[in-house]
Amino acid sequence: FFSYFLKICSKMKIAVATLALIASASAFSIAPRTANVASVGGNSLTQKFVSRSNTALEMAKQTPHGGSLVDLMVKDESAKEAAIAKCDTEVQLSPRQLCDVELIMNGAFSPITGFMDEASYKSVVENTALPDGLIFGLPVVYDTDSEDLQPGMTVLLKDGDRAIATIEFTDKFTPDKPLECLKCYGTSQIEHPGSLMVATERGQYYMGGKVTGLNLPVRDFPCKTPAEVRETLPDDADVVAFQCRNPVHRAHYELFTRALDDPLVGEGGIVLVHPTCGPTQADDIPGTVRYKTYEVLKEETKNDRTRWEYLPYSMHMAGPREAIQHMMIRKNFGCTHFIIGRDMAGSKSSVTGDDFYGAYEAQDLAKENAEKLGVTPVPSLNLVYTEEEEYVTADEAEEKGYDVKKLSGTKFRQMLRGGEDIPEWFAFKSVVEVLRENN
C-alpha cells in the first residue's frame, strides 16, 4: 500500500494517506561503535578525498566528530570550472537538499563526504550509526524521481543560476520509507511532519555519491562554516550550544544564560546560540523573519559570554533522534555541551494534536549516548514566571506557593495578530516589533 501511495503522491502530490507501520519502543536504539573510519558513497574518509582545517581545530576545545573536520570546498576558480566541465547534466536543488549539501560541503556533517549510499543509509536508519559504528542521528540522502539519473554520472547541483556542488553518483536504490520513518521518527503515520515529508516531498529513489563543493549558497542570513565558528571560540573553555527554531523569548533567554551556572559546565564557559534557519514545520515562522528577531535580540542582550551564529539546517521534528543529530552537528562547530529542552524537536499529530514524544525522551537518549558523541547534554531548566521573583524553576514556584503567570503560544499569536500589548515578561519588545512588521 505504501508503494502505491508513493506513486500517487509523486504524480498528484496528495498528502492524505497512512503509512503501513506503527511506532515501536525499539525505534531509538543505537549501535556501538566498532571502527574509526566512515565510508559514504563508497569512499573512505582519507586525506585523498578530504581537505581538513587544522588551524580551526586548534582554536576550539572540542574535537570534530570522527576526529577530523571535513572541508570539501574547491578554492581555485580554474579547478571549479574543470569540475563543472566533467558533469553529465545539472539539476536544481530543493530547499531541503540545499541545506544538506551545504552542511556536507562545510563539514557540519563530518565525517561524511557525500550523500549516503544504501549501506550507510540502512545503517543509520536501523542503528543510528554509520557502517563503522560511529554514532549518527539521521540519514542524509539525495532523493529524486528521475529515471535518467544513474550511478556513474557526475551531476552539477545548482540553486537557481548558482553552481553549488558536483556529485559523483555511486548507487541508486528504492528506500524502505516506512521503516525509515518508524526508526527515525518513532512512527510511520503521516500525522507526523517528518513522515509526511518523507512520503510526499521526497522522491521515490535515493542516490549515494561523493560531493565536491563549488560555492556556498547565498542566503538572507549569514551562515558561517564550522571552521569559521571554531576560529572565534576559546580553546580552553566549555562551549554550550543552544538550538532553537523559533524566536527567542524571555524564558528561552533565561534558560540558556542560566545554563552556564550548571555544575556540568566549567568555569568561564560560553553559550553559542545557534538557531536553525532552514525549512521546518509548515506553520513555523519563516527563517528570514526568525533571523531578524535574533539580530535585534543579539544587539539588545550583547555580552561576552553569549555568541550568535546561524545554521542552514532542515528540521525533521524527529525528537530523540534529531537531538543526536543536533549534538553531532554542534560538536563539529566546536561545542562541548548541548542544552536539551523538554520535548526537543518534538511534534504533535496533525489529526489528534497529541505529542509524538515524551517530554524527556530526547534528554534520556542524549544522556545515554553522551560518551559516544563526546558532547555533554545539559538538561534545560523548567522555568516559569512569577510575580514574586520573576523567573524561577517550576518546582521552586510550587514549593513556595508563588503566583505563576502563563501565556500559551496560541494566545501569544492571537495577541500578536490582534495588535494587543504583549507582556514584557513573556517576550522582548524588540522581537515583538520585528514579528509585527513581518506578520
Side-chain angles (χ1 to χ4, degrees), residues 1-21 27 40-41 91-104 109 112 114-126 136-151 155 157-159 164-165 167 169-209 211 276 278-282 284 312-319 321-322 325 345 347 350 356:
F1 173 76
F2 186 80
S3 60
Y4 170 74
F5 168 72
L6 289 177
K7 290 177 182 178
I8 296 296
C9 285
S10 64
K11 295 178 180 179
M12 303 178 63
K13 300 301 180 185
I14 297 175
V16 181
T18 302
L19 304 186
L21 303 177
V40 177
V91 297
Q92 287 290 325
L93 293 163
S94 71
R96 288 185 181 273
Q97 290 172 336
L98 184 63
C99 288
D100 285 344
V101 77
E102 182 172 357
L103 297 183
I104 292 171
F109 281 148
I112 68 172
F115 286 101
M116 293 180 177
D117 59 17
E118 187 171 15
S120 298
Y121 162 77
K122 286 183 174 180
S123 181
V124 172
V125 166
E126 297 184 24
F136 206 100
L138 294 167
V140 181
V141 299
Y142 180 84
D143 66 289
T144 183
D145 283 319
S146 174
E147 301 290 346
D148 297 328
L149 296 180
Q150 295 296 328
V155 175
L157 306 177
K158 299 185 74 175
D159 178 33
I164 300 298
I167 181 168
F169 285 126
T170 57
D171 68 344
K172 185 175 187 177
F173 57 99
T174 301
D176 187 341
K177 289 188 176 183
L179 181 64
E180 176 186 345
C181 293
L182 179 66
K183 291 289 188 178
C184 294
Y185 307 133
T187 178
S188 54
Q189 298 172 346
I190 62 167
E191 299 165 32
H192 187 290
S195 296
L196 181 64
M197 178 271 292
V198 170
T200 64
E201 292 182 30
R202 281 188 179 167
Q204 62 179 315
Y205 305 115
Y206 292 171
M207 300 187 71
V211 167
T276 56
T280 179
Q281 292 189 111
D284 279 352
Y313 175 84
S314 166
M315 289 291 296
H316 293 252
M317 312 311 298
R321 287 284 292 261
E322 192 146 35
Q325 194 84 334
S347 57
S350 61
F356 277 106

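This structure is a prediction, so every number in the text was calculated from the model and none was measured.
One distance of note links OG of S350 with CG of L196; it measures 7.0 Å at 0.5 Å rounding. The CG atom of L98 sits 10.5 Å away from atom OG of S314, with the distance rounded to the nearest 0.5 Å. Interatomic distance, I167 CD1 to Q97 CD, rounded to the nearest 0.5 Å: 9.5 Å. Between D100 atom CG and L157 atom CG the span is 11.5 Å, to the nearest 0.5 Å. Here the NZ-OG distance, from K177 to S195, works out to 11.0 Å after rounding to the nearest 0.5 Å.
Scanning for ring pair (Phe, Tyr, Trp, His ring centres under 6.0 Å) contacts around Y142 gives F115, F169, with sequence neighbours left out. With sequence neighbours excluded, the residues satisfying salt bridge (charged side-chain N to carboxylate O under 4.0 Å, His left out) with K122 are E118. Partners of Q92 by side chain to side chain contact (heavy atoms under 4.5 Å, CB included), not counting sequence neighbours, listed by chain and number: K158. With sequence neighbours left out, the side chain to side chain donor-acceptor pair (under 3.5 Å) criterion links E322 to Y313. Checked against side chain to side chain donor-acceptor pair (under 3.5 Å), D159 has no partners two or more places apart in sequence or in another chain. Residues passing the side chain to side chain contact (heavy atoms under 4.5 Å, CB included) test with P151, sequence neighbours excluded: K172, M207. In this view, H316 and Y185 satisfy the side chain to side chain donor-acceptor pair (under 3.5 Å) rule, not counting sequence neighbours. Partners of Y205 by ring pair (Phe, Tyr, Trp, His ring centres under 6.0 Å), not counting sequence neighbours: none found.
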Criterion side-chain contact (heavy atoms from CB on, under 4.5 Å) on D176 and K183, from CA distance to verdict: CA-CA 11 Å; D176 187 341; K183 291 289 188 178; over 6 Å; no

Full working for side-chain contact (heavy atoms from CB on, under 4.5 Å) between E126 and L179: CA-CA 8 Å; E126 297 184 24; L179 181 64; 3.7 Å; yes

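Checking side-chain atoms of D145 against main-chain N and O of Q204 turns up a donor-acceptor pair under 3.5 Å. A donor-acceptor pair under 3.5 Å links the side-chain atoms of Q150 to the main chain of E147, judged by distance alone. A donor-acceptor pair under 3.5 Å links the side-chain atoms of T170 to the main chain of G208, judged by distance alone. Between the side chain of E180 and the main chain of V125, no donor-acceptor pair closer than 3.5 Å is present. A donor-acceptor contact shorter than 3.5 Å links the side chain of H192 to the backbone of M317.
Of all the heavy atoms in F136 and M116, the pair that sits closest is CE2-CE, 3.5 Å.
Between F173 and Y206, the ring-plane angle classifies as perpendicular under the 30° and 60° cut-offs.
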